[in-house]
Amino acid sequence: MTEYNFAYLDEQTKRMIRRAILKGLAIPGYQVPFASREMPMPYGWGTGGVQVSAAVLTPKDTFKVIDQGADDTTNAVSIRTFFQRTAGVATTTATSDATVIQTRHRIPEEPLHEGQILVYQVPIPEPLRFLEPRESETRKMHSLEEYGLMHVKLYEDISRHGHIATSYAYPVKVEGRYVMDPSPIPKFDNPKLGDMAAIQLFGAGREQRIYALPPYTQVVSLDFEDHPFEASKADHPCGMCGATDSYLDELIIDDLGGRMFVCSDSDYCEARQATGHKGKDAA
Amino acid sequence: MTPLLSVQGITKRYGAHIGCADVSFDLYPGEVMGIVGESGSGKSTLLNCMAGHLTPDAGQVVFDTRTDGPRDTITMSEPERRMLGRTDWAFVHQHARDGLRMGVSAGGNVGERLMAVGERNYGDIRDKATDWLGRVEIDASRVDDRPTTFSGGMQQRLQIARNLVTGPRLVFMDEPTGGLDVSVQARLLDLLRGLVRDMGLSAIIVTHDLAVVRLLADRLLVMKSGRVVEAGLTDQVLDDPQHAYSQLLVSSVLQV
């Protein structure tokens, strides 16, 4: 552990990232460019989130990593171990005990509290990217608040599928100003983005962008008057803990069409099972 | 009467080369102005300078805005100019592909300008889009098809619908019939003439096709080497050209 500076990155780099984070917090939803470093993992594995986590971690922090809600998947385990080795911080899987939570594509079910920081891994920070390929043009659209094109995408959804079929990375408007990509979280999680007690930081390593939501920020999901936003989930209770209010993964369990629905948030599910909640598929 | 658009001394240079030099004219509401000339005579440069796509080196483009009266669009702020570009102005490109979003359905293409000015009701947007497809003679059943599945003439008509849906007062057209075969050209011209008259549009049409201006334009500018060599009423210029170049241009048209 002494071979590395605390949390892997050198102090000047962390300082540079912290400046970007502060700027992002000052202008909620605005994408701040930063000099993203090569990290010892491939792009797409959370290089942006890791750099943001490295910049905000202190030796006293307790660190939690989730990947699609779970604490025990490859991405979560490798990043948790990375910071155990390079920063020596305490780690946990319990949402309420953690002070810094790095997440890939989920917001924990348990409401976060003040003093916590939620760090998102972001693959493509630009919500307008697939509608307008020119970066020079999308920047101009953000600065001039020209967001009509975002609704063209939703219009196309409705005309093709009869409803807004975008189910993850659902675009939001922050404080009535910037349209933001909330990273590929399911739209079930969108309502949690707004008015959250914790600080939310978004890091995109390959695209070299950081953006942020300070606590208690207004975040509105875009929609049409006659096709309002709807936070959707599979219409089942969790097979393990019986929860009806959590986001579910669908698991195929045999080749006869058998399936079960389980909470994607493993910590939430385990905590419920430990207090005696039981679903119909629990052993 | 206040001119809708007043162009004064527009000059654009590309280094030592002249794009267009010292062009001035007034365009009154409901009037259609044709700009003709050979390739490289500065027609498109002039049009792009007026529409705000290029910044001229000198001159003024004064537009009579709805709220503040006559304003110089070159010195107004970029957000204001872009707002004009999607409300009171429309720009029809020569190639429909430049003016359409090819990956978005016909309805989405027409609805984009509506959504850009704040329309947020899906049903209303769709109704208006369908209505406009009808007005440009595209079957309502094609509303969810992408422009890639449309013929060249349909794409051009779709582009016109997309531009006119917000009820602009001034339309810039860059060779609107270029690249279409003659029968499709005739239909498009007929359609354009009807729309211009019905909506009381003002338009500036750049073309090298004299038949287009004969049918659509009230007045004509003839350009050569970046300068206006002759201006006047369309019939007057075409039937009794004064400048040597205008005479050449008129006499070059094949009589079938």
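Residue numbering restarts at 1 for every chain, and letters A, B, ... go by the order of the sequence lines. As a basis for the values below, the full set of heavy atoms in this structure was taken, side chains included, without hydrogen atoms, waters or symmetry mates.
- Counting heavy atoms of neighbouring residues, nucleotides and ligands inside a 6.0 Å radius, atom CZ of A:Arg129 exceeds 12 of them.
- Counted within 6.0 Å of CZ on B:Arg120, heavy atoms from surrounding residues, nucleotides or ligands total more than 12; the atom is thus considered enclosed.
- Residues of residues 143-159 of chain A that come closer than 4.5 Å to chain B, counting heavy atoms only, are A:Leu144, A:Glu146, A:Gly148, A:Leu149, A:His151, A:Val152, A:Tyr155, A:Glu156, A:Ile158, A:Ser159, ordered by residue number.
- Atom CZ of residue B:Arg126 and atom CG of residue A:Asp226 lie 11.5 Å apart, to the nearest 0.5 angstrom.
- Enclosure of atom NZ in A:Lys140 is not indicated, since only 12 or fewer non-hydrogen atoms of other residues, nucleotides or ligands lie within 6.0 angstrom.
- For B:Tyr14, the OH atom sits in a packed shell: over 12 heavy atoms of surrounding residues, nucleotides or ligands are nearer than 6.0 Å.
- With a 4.5 Å cut-off on non-hydrogen atoms, B:Arg113 does not touch chain A at all.
- Residue B:Asp144 touches chain A through its side chain alone, counting heavy-atom pairs closer than 4.5 Å.
- Other residues, nucleotides and ligands place no more than 12 heavy atoms under 6.0 Å from the CG atom of A:Asp235.
- Summarising the local packing, OH of A:Tyr168 is surrounded by 12 or fewer heavy atoms from other residues, nucleotides or ligands at distances under 6.0 Å.
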